[in-house]
Amino acid sequence: MITVQNYISDGTAAAGQFVWNGTATVNPVSGGAIGVGKVATGNGTGGGALAGLAVRLITGVLPDTSDGQLTYERGELVTVAIRGDFFVTATGSATAGQSVNVVTATGAMTYGTPGTGEIATGWTVTEGGTTGDLIVISNHG
């Protein structure tokens with residue numbers, strides 16, 4: 001079972017990465033500011049709280065890109081998981097029981113004790129692996 005909330009992408013939220021609460025809302029058509037909706041941003045440098053893990057539930061359109069990125073375009077619906085178990089691609093060596101951390105500038109995941117510019121997400125590694133492996137991260141809080 002998973003718990004999710006819906007957000008609107010600011011153009012930097014990517015499936016499989018952690019996202020933050022953005023500070024502005026966007027109109028999906030014009031790109032102009034509107035007064036309703038939560039905005040997901042792909043970095044935490046704006047001071048917003050960590051929202052959760054952006055997941056791909058085929059609720060929004062991901063453009064076909066040659067770089068393999070899964071970034072939601074500005075104004076697209078983003079489903080953000082706040083609890084559950086998810087497969088993600090390991091960005092480094094990850095061991096079961098380690099904390100899942102996120103680099104605030106980029107949204108990239110790290111594991112273990114948070115370093116400079118990183119914060120703990122409240123998620124943990126439940127099935128580990130090495131760089132490029134599919135691992136399982138969990139948050140049942």
Side-chain angles (χ1 to χ4, degrees), residues 1-29 31-141:
M1 176 158 70
I2 64 172
T3 303
V4 297
Q5 294 181 347
N6 290 318
Y7 284 73
I8 298 171
S9 176
D10 71 350
T12 64
Q17 290 192 321
F18 283 92
V19 294
W20 285 261
N21 288 305
T23 56
T25 56
V26 293
N27 181 307
V29 177
I34 57 173
V36 296
K38 296 179 190 176
V39 173
T41 186
N43 67 66
T45 58
L50 185 68
L53 180 68
V55 297
R56 186 170 184 196
L57 296 179
I58 315 301
T59 57
V61 177
L62 292 174
D64 182 19
T65 60
S66 60
D67 63 4
Q69 295 299 311
L70 297 175
T71 303
Y72 289 93
E73 292 188 2
R74 181 181 177 103
E76 289 293 333
L77 179 66
V78 179
T79 301
V80 177
I82 55 176
R83 288 184 188 83
D85 301 300
F86 289 91
F87 287 98
V88 297
T89 302
T91 57
S93 182
T95 304
Q98 284 185 310
S99 170
V100 177
N101 312 307
V102 64
V103 178
T104 55
T106 64
M109 282 182 247
T110 65
Y111 316 100
T113 303
T116 302
E118 301 175 355
I119 60 168
T121 62
W123 293 66
T124 57
V125 176
T126 50
E127 292 186 30
T130 59
T131 303
D133 288 347
L134 279 181
I135 62 171
V136 178
I137 63 171
S138 303
N139 182 349
H140 297 147

Least distance between heavy atoms, [X] atom then [Y] atom:
{"X": "V78", "Y": "A54", "value": "CG1-CB, 3.9 Å"}
{"X": "I137", "Y": "F18", "value": "CD1-CZ, 4.1 Å"}
{"X": "G42", "Y": "D10", "value": "N-OD1, 4.3 Å"}
{"X": "A40", "Y": "A13", "value": "O-CB, 3.9 Å"}
{"X": "Y7", "Y": "A51", "value": "OH-CB, 3.5 Å"}

How long is the gap from [atom1] on [X] to [atom2] on [Y], to the nearest 0.5 Å?
{"X": "N139", "Y": "L53", "atom1": "CG", "atom2": "CG", "result": "10.0 Å"}
{"X": "N43", "Y": "T106", "atom1": "CG", "atom2": "OG1", "result": "8.5 Å"}
{"X": "T126", "Y": "D85", "atom1": "OG1", "atom2": "CG", "result": "5.5 Å"}
{"X": "T124", "Y": "H140", "atom1": "OG1", "atom2": "NE2", "result": "8.0 Å"}

Could you tell me whether the side chain of [X] and the main chain of [Y] form a donor-acceptor pair under 3.5 Å?
{"X": "T3", "Y": "R83", "answer": "no"}
{"X": "T104", "Y": "G117", "answer": "yes"}
{"X": "T41", "Y": "G22", "answer": "no"}
{"X": "N21", "Y": "K38", "answer": "no"}
{"X": "T121", "Y": "V100", "answer": "yes"}

Pairwise side-chain contact, I135 with E127, heavy-atom cut-off 4.5 Å (strictly under):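 Side-chain contact under 4.5 Å: no.
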Plane angle bin for W123 and F86 - parallel if under 30°, tilted between 30 and 60°, otherwise perpendicular: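 Tilted: the ring planes of F86 and W123 meet at 30° to 60°.
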From CA spacing to verdict: side-chain contact (heavy atoms from CB on, under 4.5 Å), T95, V125: CA-CA 6 Å; T95 304; V125 176; 6.0 Å; no
